[in-house]
Amino acid sequence: MRRTVAVVGGGCSGVLTVRELLRRGEDDVVLVEPGEPGGGVAYGHARPWHVLNSRAGAMSADPDDPGHFVRWSGAAPGEFRPRAEYGRYLRTVLDEAAADHPGRLHLRRNRATAVRGGTVLLDDGTDIRADHVVLATGGPASARPRLDHPRYLDDPWQPGALDALPPDRPVLLVGTGLTAVDAALTLTADGRRTAPVVAISRRGLLPLTHTVDAAPPAAPALDDCATLRDVVRAVRSATAEAGDWRAVVDGLRPYLDQLWTALSPAEQDAFLRHLARTWECHRHRMAPEIAARVVALREAGLLEIRRGGVAAWPGLGDYAAVVNCAGPGKLPGAAGPLVQDLLSSGTATVGPHDLGLAVDPAGRVIGADGRVNERLWLIGPLRRGSQWETTAVPEIRAQAQRLARETRSEHPDLVIAP
């Protein structure tokens, strides 16, 4: 019998999920997305100077065809392509999947407000009845520092948010990660800035840099690793042998979720407190051309990186604006309206370390009563905590492939969370 799967969210996770559902089954698919599918936070408002942080060869939408994006874009596998281009690629992927499976994809230009059982409630008062619901809503909102400033910008990705800031007054960026780098590029793109952009974080660490040519991944020896300390020791040993830490970081990537789930909760917490930021700087790197631009801005005095707590930062009033470029916040405070409703209704519950929602290994949502909802699925960044490596395209496309396979299975003993 032909069923209906509702996918809530049309960013990267949603598009990859829809594609797999159409290719690997016969179900009707309803995509709920108020904006342009394929955009999302990462690609929807990217400017020409914003490029992917991974090489083109890693960005295929098709888990069975690693060269798909390379052929579509005409890029070399080692290139770092514009993010706006990748958004166009995702829209093409969605359009082609719909054309290959006519009549099965239905786009609803609405915002989902709640999920009740298999019903998705929409902001126009209508609803969608579905056999399965997939949450592809992206990650938590940014952490929100407590700051008192007349021009505090909580979202640097709002169209035009940074364009009106005067170039002759300094701007303070809260955070020194990839979002701060993107914001600094935007603030200096037209060449008119004379006052510095100051980025501040507790440790003052910038993302590290990809090499121009990628080294082959070199996985560390993990068989005897029983603790976090063992993993750190193995990584350091492999780095010394390989001569390039990037090769080891890339080689470790396929094993990260296995390592994460094998750690005790206390060890996971120790990693988050002491190693997570350092790991993120090594794992999520800048493209070489972006790193060169950052170096040039710092040498010109237009970008300063400071270390310290922003709440105690002196002279906030001297800045034309304070821009929140912090990383993802914790749940429930950083949950969007739909996820807040899922939590308050007990349909979902906060996962380990408050980083995302609780899910089982297949990605099914766990309710407040501890029961697995066999028909409510989660894909992408909100799996963080239950999983670790769940924000990049290779992992998300693998999740989408497995989800499409799992939703085709019929379970006679369905356990539906209230």
Side-chain angles (χ1 to χ4, degrees), residues 11-13 40-46 50 52-54 83 137-147 152-158 161-162 171-187 197-209 249 253 256 260 268-286 290-291 294 303 305-311 313 322-336 339 350-357 380-393 395-396:
C12 181
S13 297
V41 173
Y43 314 114
H45 302 302
H50 295 145
L52 297 170
N53 300 309
S54 295
R83 290 217 299 268
T137 54
S142 296
R144 295 181 177 178
R146 297 178 181 177
L147 293 173
Y152 172 64
L153 303 179
D154 191 52
D155 182 5
W157 294 110
Q158 282 294 321
L162 304 179
V171 176
L172 182 66
L173 308 181
V174 182
T176 58
L178 290 171
T179 299
V181 170
D182 288 338
L185 294 178
T186 298
L187 288 164
V197 176
V198 180
I200 183 171
S201 67
R202 185 164 59 91
R203 297 187 181 182
L205 296 176
L206 279 170
L208 296 174
T209 309
V249 169
R253 183 169 169 178
L256 288 176
W260 176 255
Q268 291 177 353
D269 186 64
F271 172 83
L272 292 171
R273 284 187 288 113
H274 302 297
L275 296 175
R277 179 58 187 150
T278 301
W279 168 258
E280 294 294 321
C281 290
H282 287 75
R283 165 68 183 85
H284 298 287
R285 310 191 282 273
M286 292 185 283
I290 299 302
V294 167
L303 176 62
I305 306 300
R306 304 283 182 86
R307 176 180 180 178
V310 69
W313 189 249
V322 177
V323 184
N324 184 16
C325 299
K330 292 193 172 186
L331 299 185
V339 174
V350 175
H353 311 287
D354 302 334
L355 299 177
L357 296 179
L382 276 174
R383 287 191 184 186
R384 176 65 70 88
S386 297
Q387 297 173 219
W388 180 256
E389 191 69 19
T390 184
T391 61
V393 167
E395 286 71 34
I396 292 173

Sorted by chain and residue number, the ring-ring contact (aromatic ring centres under 6.0 Å, His included) partners of His274 (sequence neighbours excluded) come out as none
Rounded at 0.5 Å granularity, tell me how far CZ in Arg306 sits from OG in Ser201. 12.5 Å
Could you pull out the closest heavy-atom pair between Cys325 and Ala183, with the gap in Å? SG-CB, 3.9 Å
First locate atom CD1 of Ile396, then atom CZ of Arg383, and finally report the distance between them rounded to the nearest 0.5 Å. 9.5 Å
Any donor and acceptor pair, going by atom type alone, linking the side chain of Asn324 with main-chain N or O of Ala143 inside 3.5 Å? yes
Using salt bridge (Lys or Arg N to Asp or Glu O under 4.0 Å) as the criterion, list what pairs up with Arg307, not counting sequence neighbours. none
Measure across Ser386 and Pro352 and return the closest heavy-atom pair with its distance rounded to 0.1 Å. OG-CD, 3.5 Å
Short side-chain to backbone donor-acceptor contact, Thr209 and Met286, under 3.5 Å: no
Using the rule given for side chain to side chain contact (heavy atoms under 4.5 Å, CB included), can you reason through His282 versus Thr278, listing the C-alpha separation, both sets of side-chain angles and the distance that settles it, and then say yes or no? CA-CA 7 Å; His282 287 75; Thr278 301; 3.7 Å; yes
Identify the heavy atoms of Leu206 and Val294 that sit nearest to each other, and give their distance. CD1-CG1, 4.1 Å
Kindly say whether the aromatic ring centers of Trp388 and Phe271 come within a distance under 6.0 Å. yes
Would you say Gln387 and Glu395 make side-chain contact, with heavy atoms under 4.5 Å? no
Apply side chain to side chain contact (heavy atoms under 4.5 Å, CB included) to residues Leu172 and Tyr152 and explain how you reach the verdict. CA-CA 10 Å; Leu172 182 66; Tyr152 172 64; over 6 Å; no
Quick check against the 3.5 Å criterion: does His50 have a side-chain atom that pairs as donor or acceptor with the backbone of Asp182? yes
Please identify each residue that fulfils salt bridge (Lys or Arg N to Asp or Glu O under 4.0 Å) with Arg273, with sequence neighbours left out. Asp269
The test is side chain to side chain contact (heavy atoms under 4.5 Å, CB included); show your working for His353 and Arg384 and say whether it passes. CA-CA 9 Å; His353 311 287; Arg384 176 65 70 88; over 6 Å; no
Just so I know, are the side chains of Leu355 and Lys330 near enough to count as touching, which here means a heavy-atom distance under 4.5 Å? yes
Do Trp157 side-chain atoms and Ala46 backbone N/O form a donor-acceptor pair below 3.5 Å? no
Kindly determine whether Leu162 and Leu153 satisfy side chain to side chain contact (heavy atoms under 4.5 Å, CB included), including the steps that lead there. CA-CA 9 Å; Leu162 304 179; Leu153 303 179; 4.1 Å; yes
Do Arg203 side-chain atoms and Arg277 backbone N/O form a donor-acceptor pair below 3.5 Å? no
Matching residue for Leu173 among Leu187, Ile305, Val181 - test: side chain to side chain contact (heavy atoms under 4.5 Å, CB included): Leu187
For Arg283 and Val249 the tightest heavy-atom approach is CA-CG1, 4.0 Å
Taking every heavy atom of Pro207 against every heavy atom of Gly177, the minimum-distance pair comes out as CG-C, 3.9 Å
Would you name the heavy atoms of Cys281 and Leu205 that are closest together and state the gap between them? SG-CB, 3.7 Å
Taken to the nearest 0.5 Å, the spacing of Leu382 CG from Thr137 OG1 works out to 5.0 Å
Okay, side chain of Thr390, backbone of Gly380: is any donor-acceptor separation there less than 3.5 Å? yes
